[in-house]
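This report refers to the structure that appears directly beneath it.
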2 protein chains.
Amino acid sequence: MFVIHQIPMLYTYDYPHPAVTVDCVIFGVDQPTVLQVLLIQRKIPPFAGAWALPGGFVGLDESLDEAARRELAEETGLKDVFLEQLYTFGTVDRDPRERVITVAYYALVNLTEHPVQADTDASDAGWFPLDRLPPLAFDHGLILERAIARLKGKIRYEPIGFELLPRRFTLTELQKLYETILGQPLDKRNFRKKILAMGLLRSLEIFRTGVANRAARLYEFDLEAYQRLKQDGFSFEL
Amino acid sequence: MFVIHQIPMLYTYDYPHPAVTVDCVIFGVDQPTVLQVLLIQRKIPPFAGAWALPGGFVGLDESLDEAARRELAEETGLKDVFLEQLYTFGTVDRDPRERVITVAYYALVNLTEHPVQADTDASDAGWFPLDRLPPLAFDHGLILERAIARLKGKIRYEPIGFELLPRRFTLTELQKLYETILGQPLDKRNFRKKILAMGLLRSLEIFRTGVANRAARLYEFDLEAYQRLKQDGFSFEL
DNA sequence: TCAAAAGTGTTGACGGTACACCCATGT
DNA sequence: ACATGGGTGTACCGTCAACACTTTTGA
């Protein structure tokens, strides 16, 4: 049985109409700093039981960005996060059912301030560290790979790493984050010098106490300062 | 009248199906170095008479990349060029007829070796310098802006500028190209030092003669050398 | 011989990297 | 007192930017 959905009144053109979905690669970190991705377990075929990126079909009355934000909220409860278009995947046989074109987005989330609800549709959701991934449905492994590459590239010259941390963080936490994403150790003194010299961090008179060592000073990312500097052709580097 | 086109047999899902197109931003240069874009004049509404990016609908049996290459060949005769996905545009009212999602690509072309045929469909095509653009149909102005930004960014850290030049070129031609794309003058001695030090250029024993000044040495881009270096974690810079 | 572009080196400033020790805190 | 992570400065080196004159060629 064919169901024709929402054909607009003006539609008089003999053009193909594929299905279009948005999928979201959602990165988060927890302590100790491990990069993780949010996956959802499929309940229905194809790939029933396999894990997949959260996502869904794009409505005719919503933009791609809106669709991505809606799906994100519906399936994980996340709102107001850093979200950016990644790439559009459109090979012919991505989905065994019919031709599906997928616009992939990626999002950065800090787990402490945006707790992720297991999704509303009663399918399982879970965080997976990048080195312990289950087999993924469709070509989602490919999408994830591309998202990781983008994250690694972008984090060097745009201050997006802060999205993954709680609003207040220590310099060591920030450094650990960079080390996990870039996959290489960084020199502590050089890292601090560089990041502080940029003038993007507000240093607070608050310290992380209750640990079995010297209390660490907390910092906040100073968005206004960043926007001011960016206008004068300032470039964030490493 | 509704025309339902190529509904696949497996199609039993009640999901919206927008139209999907690919559009191509094709950059070229001519002498003296001016960056130009290829545009096509529309014959039919909407936006009849206005200029637009070449492009067209994506078939259900071809990938997005294939569709972009096909449209490029059909409308301009160009083949085997540097082509890369740019961004996907999906706001709701981009096209007054119906919901259309457009996957934009950009291409770099050297005019001397790939002469562009006025397209086959008997509509006019033409090159426009970036500072003398006609009003563009749909949101093609937006797409073009994004393509320019991408080109400016990418040319600094990937050796794609060579795609715009003939196979053999002088260092001054290369420098002029970078100056136009980046929109700033570069120091001649520093530019030569840097670009030659990378070891990506094969220096030839051929000279550009017949000009009213000293003959300039010609160079070729050495693709093999680049691929070798890239594997060892080499990074092209400016 | 003139005009027009090709070609070529040096220096100083700056930023990046390498590197080791003392301090504060809780157990 | 000890274990754990917090916090700090310097010296060397390489890279980038600034800068001007001589050479070749055709008109």
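Each chain gets a letter, A, B and so on, in the order the sequences are listed, and its residues count up from 1.
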*Which residues in residues 171-184 of chain B have at least one heavy atom lying under 4.0 Å from any atom of DNA chain C?*
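Output list: B:Thr172.
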_A:Arg192 CZ - C:dG16 P separation (whole Å)_ =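 Going from A:Arg192 (CZ) to C:dG16 (P), I get 18 Å.
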*Rounded to whole angstrom units, what separation is found between the CZ atom of A:Phe191 and the C1' atom of D:dT8?*
16 Å
_Side chains of B:Leu108 and B:Leu151 in contact at under 4.5 Å (non-hydrogen atoms)_ =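 B:Leu108 vs B:Leu151: side chains touch.
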Do you see a donor-acceptor pair shorter than 3.5 Å between the side chains of [X] and [Y]?
X	Y	answer
A:Glu163	A:Asn110	no
A:Arg208	A:Thr172	no
B:Glu84	B:Tyr105	no
A:Arg94	A:Thr102	yes

*asked:* Consider ring-ring contact (aromatic ring centres under 6.0 Å, His included). Of B:Phe89, B:Trp51, B:Phe47, which one does B:Phe138 pass it with?
replied: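 Going through B:Phe89, B:Trp51, B:Phe47 one by one, the ring-ring contact (aromatic ring centres under 6.0 Å, His included) with B:Phe138 is satisfied by B:Phe47 alone.
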_Letter per nucleotide, 5' to 3', of nucleotides 17-27 of chain D [B base touched, S only sugar-phosphate touched, - untouched; heavy atoms, 4.0 Å]_ = BBBB--BBBS-
_For a quick check of understanding: with a heavy-atom distance under 4.0 Å over all strands, which category does B:Arg217 fall into, base, sugar-phosphate or nothing?_
sugar-phosphate
*Would you please indicate if the ring centroids of A:Phe236 and A:Tyr226 are separated by under 6.0 Å?*
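A:Phe236 vs A:Tyr226: aromatic centres not under 6.0 Å.
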*Which of these, A:Lys188, A:Lys176, A:Arg192, A:Arg217, sits in a side-chain contact (heavy atoms from CB on, under 4.5 Å) with A:Leu171?*
A:Arg192
